[in-house]
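From a predicted model like this one, the values you see are computed outputs, not experimental measurements. When a ligand or atom number is given, it counts from 1 through the structure's own listing order.
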Amino acid sequence: MNIQSFIDDAITEIRQQVKGRAIIGLSGGVDSSVCATLAYRALGERIVPVYVDSGLMRQFESDRIEMLFRDLGLVRFNAQDRFLEALKGVEDPEQKRKIIGETFIRIFEEEARKISADTLIQGTIYPDRIESEGGIKSHHNVGGLPSRMEFKHIVEPLHDLYKDEVREVARALGLPVEISERMPYPGPGLAVRIIGEVTKEKLEVVRIANAIVEEEISEYSPWQAFAAIIGKATGVKGDNRVYGWIVAIRSVSSRDAMTADVMELNWELLKRISSRITSEILSVARVVYDLTPKPPGTIEFE
Ligand code: XMP
């Protein structure tokens with residue numbers, strides 16, 4: 001792919017496809033950031049980037065994104081309680097994705113009404129579509145979209161690109177390294193890193209565990225490295241029996257997320273992560289390392 005001609009064509013196409021004003025869903029990941037930058041170059045102030053703080057994001061992520069995109073006129077929408085309420089009692093992963101996809105869209109619609117926009121621009125990439133259409137997972141921005149929407153048009157300038165191509169475009173657009181090389185993160189966020197119901201308590205635990213894993217593993221350049229809560233188990237802390245969370249660590253290498261290999265991490269590193277998680281999070285009783293490649297496992301647990 002010739003990157004410069006992709007950029008030129010994408011800008012021309014966005015100008016042709018978007019007539020009035022548009023909302024762009026920005027999560028701060030490489031896909032939506034590239035998309036927002038292309039859209040801004042194509043349409044200038046006719047786009048409004050909206051960042052939804054779903055409460056499912058990683059530690060300190062929301063403030064960081066707000067700072068990074070202030071110049072594009074970013075609107076930050078705080079919706080932590082709304083997502084928690086919508087996810088109450090929901091255990092099924094596909095159901096979670098649908099609820100999250102719908103909640104995102106309803107918020108984008110509310111923002112769109114304020115500026116009379118009828119177009120939503122999204123950073124959907126090729127593998128998102130393939131996995132959703134193949135019935136593997138309803139990615140929240142594809143299969144997780146509600147059937148009825150107020151938007152008249154959905155524009156997806158990156159829909160034929162793989163992640164490594166998006167990164168090349170990000171570099172060519174001059175985006176900061178922390179964005180162009182950013183680890184992929186799923187739209188439904190920590191909700192798919194908690195098996196079973198999403199609660200405030202579990203979110204706090206899994207958020208800290210993810211921060212520890214990223215801090216420890218990032219320098220080994222994983223495709224993705226993260227933590228998930230996969231259940232409860234008995235343990236002993238001090239003189240007391242505890243019935244606490246089981247946190248699973250996953251660290252994989254991959255080219256395009258369609259397949260993935262488990263990283264053979266150094267034993268000392270794994271032991272340090274385990275010990276940090278159990279000592280820094282009181283309610284965690286056990287830490288395990290996932291040894292499953294994709295296939296047969298998927299990258300995320302849900
Ligand atoms: P899986 O778990 O299917 O993930 O092997 C492949 C890649 O997609 C990410 N992922 C998602 N991204 N919405 C997204 O935007 C989703 O619903 C979703 N589910 C998984 C996952 O983190 C990995 O990079």
Side-chain angles (χ1 to χ4, degrees), residues 24-36 51-52 54 56-58 61 65 83 86-87 90 92-105 108 120-146 154 156 158-159 161-167 179 181-195 198 206 210 213-214 217-218 221-230 248-263 290-302:
I24 167 149
L26 185 80
S27 70
V30 62
D31 306 342
S32 64
S33 301
V34 163
C35 202
Y51 170 72
V52 176
S54 58
L56 308 171
M57 303 300 280
R58 288 168 291 187
E61 198 160 27
I65 291 164
F83 276 84
L87 289 167
V90 179
D92 177 70
E94 286 296 273
Q95 187 79 20
K96 282 185 190 172
R97 284 193 167 80
K98 292 233 150 72
I99 289 171
I100 291 168
E102 164 140 26
T103 309
F104 270 115
I105 289 290
F108 292 145
L120 175 69
I121 305 179
Q122 295 205 116
T124 312
I125 63 171
Y126 185 67
D128 296 348
R129 286 196 293 142
I130 295 302
E131 300 234 341
S132 287
E133 284 160 16
I136 297 168
K137 289 184 186 182
S138 307
H139 280 218
H140 76 292
N141 50 348
V142 189
L145 290 180
I154 304 269
E156 297 181 324
L158 312 180
H159 67 270
L161 264 50
Y162 281 96
K163 188 73 105 189
D164 53 351
E165 295 172 321
V166 182
R167 290 196 198 286
I179 290 178
E181 311 313 314
R182 197 162 177 75
M183 204 188 274
Y185 184 71
L190 299 176
V192 291
R193 295 183 177 173
I194 292 171
I195 292 189
V198 176
V206 85
N210 268 272
V213 168
E214 278 197 32
I217 306 185
S218 290
S221 306
W223 167 270
Q224 272 173 279
F226 60 89
I229 290 182
I230 59 168
I249 301 168
R250 186 134 172 83
S251 181
V252 296
S253 53
S254 177
R255 197 191 80 84
D256 54 16
M258 307 293 279
T259 61
D261 290 315
V262 178
M263 286 177 74
D290 186 346
L291 297 177
T292 327
K294 174 181 180 176
T298 52
I299 293 179
E300 303 290 343
F301 283 81
E302 287 209 322

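- Considering only residues two or more places apart in sequence or on other chains, Glu165 meets the salt bridge (charged side-chain N to carboxylate O under 4.0 Å, His left out) condition with none of them.
- Between Glu300 and Lys96, none of the side-chain N atoms (NZ, or NE/NH1/NH2) sits under 4.0 Å from a carboxylate O, so this pair counts as no salt bridge.
- Counting only distance, with no hydrogens or angles, the side chain of Asp31 and the backbone of Thr124 share no donor-acceptor pair below 3.5 Å.
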Pairs under 3.5 Å, N/O atoms on ligand 1 and on the protein: can you put them in a table with the distances?
from: ligand 1; atom 1: 2 (O); to: Lys137; atom 2: NZ; distance (Å): 2.6
from: ligand 1; atom 1: 2 (O); to: Ile299; atom 2: N; distance (Å): 3.2
from: ligand 1; atom 1: 2 (O); to: Glu300; atom 2: N; distance (Å): 2.8
from: ligand 1; atom 1: 3 (O); to: Glu131; atom 2: OE1; distance (Å): 2.9
from: ligand 1; atom 1: 5 (O); to: Lys294; atom 2: NZ; distance (Å): 2.6
from: ligand 1; atom 1: 5 (O); to: Ile299; atom 2: N; distance (Å): 2.7
from: ligand 1; atom 1: 13 (N); to: His140; atom 2: ND1; distance (Å): 3.0
from: ligand 1; atom 1: 15 (O); to: His140; atom 2: ND1; distance (Å): 3.4
from: ligand 1; atom 1: 15 (O); to: Gly187; atom 2: N; distance (Å): 3.2
from: ligand 1; atom 1: 17 (O); to: Arg97; atom 2: NE; distance (Å): 2.7
from: ligand 1; atom 1: 17 (O); to: His140; atom 2: N; distance (Å): 3.2
from: ligand 1; atom 1: 19 (N); to: Arg97; atom 2: NH2; distance (Å): 2.9
from: ligand 1; atom 1: 22 (O); to: Gln224; atom 2: NE2; distance (Å): 2.9
from: ligand 1; atom 1: 22 (O); to: Glu300; atom 2: OE2; distance (Å): 2.6
from: ligand 1; atom 1: 24 (O); to: Gln224; atom 2: OE1; distance (Å): 2.6

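- Counting heavy-atom neighbours within 6.0 Å of Phe301 CZ, excluding the residue itself, gives a total above 12.
- Side chain of Arg97 to backbone of Gly187: no donor-acceptor contact under 3.5 angstrom is found.
- Atom CZ in Arg250 sits 9.0 Å away from atom CG in Leu291 (nearest 0.5 Å).
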